[in-house]
Amino acid sequence: MSSVAKKRILKEYAECSNDLPSGMKVIFDEANLTKWDVVMEGPAESPYAVCLELAMCFDKRSLMHQGGHFKLEINFPNDYPFKPPVVNFKTKVYHPNVSNDDKGSMCLGMLRPEEWKPPNKVISVLHLIQNLLVEPNIDDAIETSIANDYKTNRAEFNKTAQDWVKRYAK
Amino acid sequence: MDPSANPPQPQSEAPRPQRPGHRDMMFCHECNDEWYRDEHGLTCPECGSDFTEIIEEGNDPRDSHMMDHDHESDNGSLPGFDGPPPLLPFFQPNPMRGADDPAEEDISSLQFRQVAPGRFTVTGTVYRDVSPMGRPAPAPPTENAGSQAPRALGGLTNFLTNIIGGALRGPQQQQQPQQQQPPGFQWNTEHADGQNNPGNDGNQQAHGGPESRPPGLPPGVHRFTYTAGARLLPRDPNNPGPRGEPVDELNNVIVGLMAALGEPPGPHHHDHFHSAGPVPINPLVHLFAQMLPGNGQFGDAVYSQEALDRIITQLMEQNTSSNAPGPAPQSEIDKLPRKAVSLEMLGAEGRAECSICMDEVNIGEEVTELPCHHWFHHACIAAWLGEHDTCPHCRKGITKQPENATNQGQAGGSSGPTAGSSSQGQMPGAFAGGEGTSDNPYVL
């Protein structure tokens with residue numbers, strides 16, 4: 001990995017820590033700069049959120065076990081920032097823009113190789129992910145059947161999404 | 001090799017190799033839940049029951065649930081994965097017997113099963129009273145109408161033959177040793193002709209399956225059993241290159257279907273199309289469409305708009321490089337003006353950075369400016385332009401091409417992403433290095 005990439009990733013991490021989207025946490029290992037683990041709460045205004053009523057009844061510590069916590073992995077290519085970082089959901093999530101397999105790939109918008117440009121930053125990628133959980137990008141769906149569900153049967157979509165949160169996002 | 005002269009080979013005896021990337025699906029008999037074995041193990045994650053089973057090709061406990069069989073599968077002991085796959089365990093008498101359509105009568109069972117998300121098997125047995133070898137050579141179209149082949153299937157088989165052309169192998173060639181067969185594709189040809197094939201019964205035993213020849217099948221009737229699997233790969237944006245586990249070859253799937261239909265292989269009567277009028281709408285297509293409502297896709301064939309969209313998206317994903325702008329010529333990069341950072345180039349906060357490396361730049365430092373007036377460290381922007389002729393901020397190219405020539409340049413660039421300075425001159429859409437950005441880009 002080039003020293004440019006290393007330097008930039010370190011700078012971005014420093015910047016990130018002040019400006020992370022709410023409910024996100026980056027776990028960063030200095031020994032391996034190229035892989036960031038991100039833990040993210042489902043945004044409150046999305047079906048991926050922690051159930052608020054339940055949250056009222058518990059203290060903050062037990063809240064952590066109520067679900068709605070998604071693990072993501074961000075991998076930086078060796079020629080970052082000339083190539084986009086690769087984002088994978090390690091937690092299964094029912095979402096039109098996240099591949100429904102063991103990879104949980106996301107590939108849209110600025111993350112596409114042909115759309116990526118070096119001035120883009122990880123922090124904007126993180127914001128993009130959070131916005132997508134609130135509002136999926138149907139036109140750029142990777143899972144067309146889930147997108148269809150979202151378009152035509154929102155109640156069913158929300159229900160399935162919440163079921164998955166309960167089942168997987170612990 | 002005439003199939004009728006040889007006893008069939010017990011090919012299904014060979015253990016079916018576990019394919020790389022295969023994931024065991026589990027099924028719970030208590031609550032009908034399904035999950036991946038490697039994620040939740042053998043115990044049902046939903047109800048905690050141990051009454052579970054691995055779903056395998058040829059052993060799908062869901063079927064028995066759906067059909068409400070008396071037959072209870074061996075739930076106590078999980079079936080060994082390396083054992084011979086039970087072939088056609090659910091043989092049932094042809095429900096279509098007596099139907100008007102001869103094609104329907106011939107197909108005794110055709111099963112499509114989804115064994116895991118994106119993984120299918122198709123298993124079928126077809127009884128034919130037409131020998132694949134005995135089919136008369138290309139017949140005149142008028143006779144064709146009355147030929148032995150089911151009329152409605154003629155169009156499909158012709159069509160398939162045209163697609164795969166010389167790659168088509170006939171049943172007699174398929175009777176080759178197992179190792180020559182492509183993985184994921186099994187072939188068995190059996191003959192119900194008891195006179196020529198005294199070992200027939202014994203061979204059926206060898207399969208271990210409950211299948212038997214329906215009574216009343218006249219001698220000379222051939223039975224074809226085929227099993228084909230297809231793995232439909234989900235898109236993998238992280239690694240769009242060639243995959244280790246490809247979808248079954250189109251040829252294999254088609255050959256399997258063709259043989260099941262009893263169509264003789266090899267060169268075909270192309271005059272069929274000319275005189276037979278419009279190709280009849282094939283009932284199989286409708287059959288497939290009904291059998292695959294979930295994703296409308298079987299192997300390389302799609303039967304729904306959604307499945308087609310999925311494939312097109314996948315193709316686009318795999319060719320992203322051709323979408324992206326090609327590299328800028330090194331000579332153009334070298335010609336970019338350098339300038340020292342001045343006070344007015346700094347932002348409102350009195351500081352500025354190169355947006356590629358995010359390093360702060362100070363007044364007096366030398367940077368490289370693009371035609372669009374965005375500036376960067378020379379090393380940074382040169383590395384980017386060497387791959388994409390766009391400004392990282394506004395995407396404007398540094399070679400002054402008119403809009404309509406840009407596409408040309410991209411197409412040429414995609415084939416040689418590492419084009420060095422020696423080959424730039426030949427890049428379509430690029431200006432010859434020495435002449436620079438001429439006023440007339442259309443000089444040939």
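This is a predicted model, so every value here is computed, not measured. Naming: A, B, ... by sequence-line order, numbering from 1 per chain.
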For this session: Verify the neighbour count for atom CD of A:E45: are there more than 12 heavy atoms of other residues, nucleotides or ligands below 6.0 Å?
Result: yes
Seminar exercise, completed: Nearest heavy-atom approach of B:I356 to A:P118 is CG1-CB, 3.8 Å
For this session: With rounding to the nearest 0.5 Å, note down the distance linking NZ in A:K11 to CG in B:D359.
Result: 4.5 Å
Exercise. Got A:K83 and B:E387 here, is their nearest side-chain heavy-atom distance under 4.5 Å?
Worked result: yes
Exercise. A:F82 and B:A383: which non-hydrogen atoms are nearest, and at how many Å?
Worked result: CZ-CB, 3.5 Å
Exercise. Could you give the distance from NZ (A:K117) to SG (B:C394), rounded to the nearest 0.5 Å?
Worked result: 8.0 Å
For this session: Side-chain contact test, heavy atoms from C-beta onward, threshold under 4.5 Å: evaluate it for A:K7 versus B:C357 and give yes or no.
Result: no
For this session: Mark yes when over 12 heavy atoms from residues, nucleotides or ligands other than A:E135 sit less than 6.0 Å from its CD; otherwise mark no.
Result: no
Problem set entry | Any donor-acceptor N/O pair, A:R167 side chain to B:E46 backbone, under 3.5 Å | no
For this session: Answer yes or no: does atom NZ of A:K71 have more than 12 heavy-atom neighbours from other residues, nucleotides or ligands under 6.0 Å?
Result: no
For this session: Over all heavy atoms of both residues, which pair between A:W116 and B:W384 is shortest? Give the atoms and the distance, please.
Result: O-CH2, 3.5 Å
For this session: Look at the rings of B:H40 and A:Y168 and say which category their plane angle falls in: under 30° parallel, 30 to 60° tilted, over 60° perpendicular.
Result: tilted
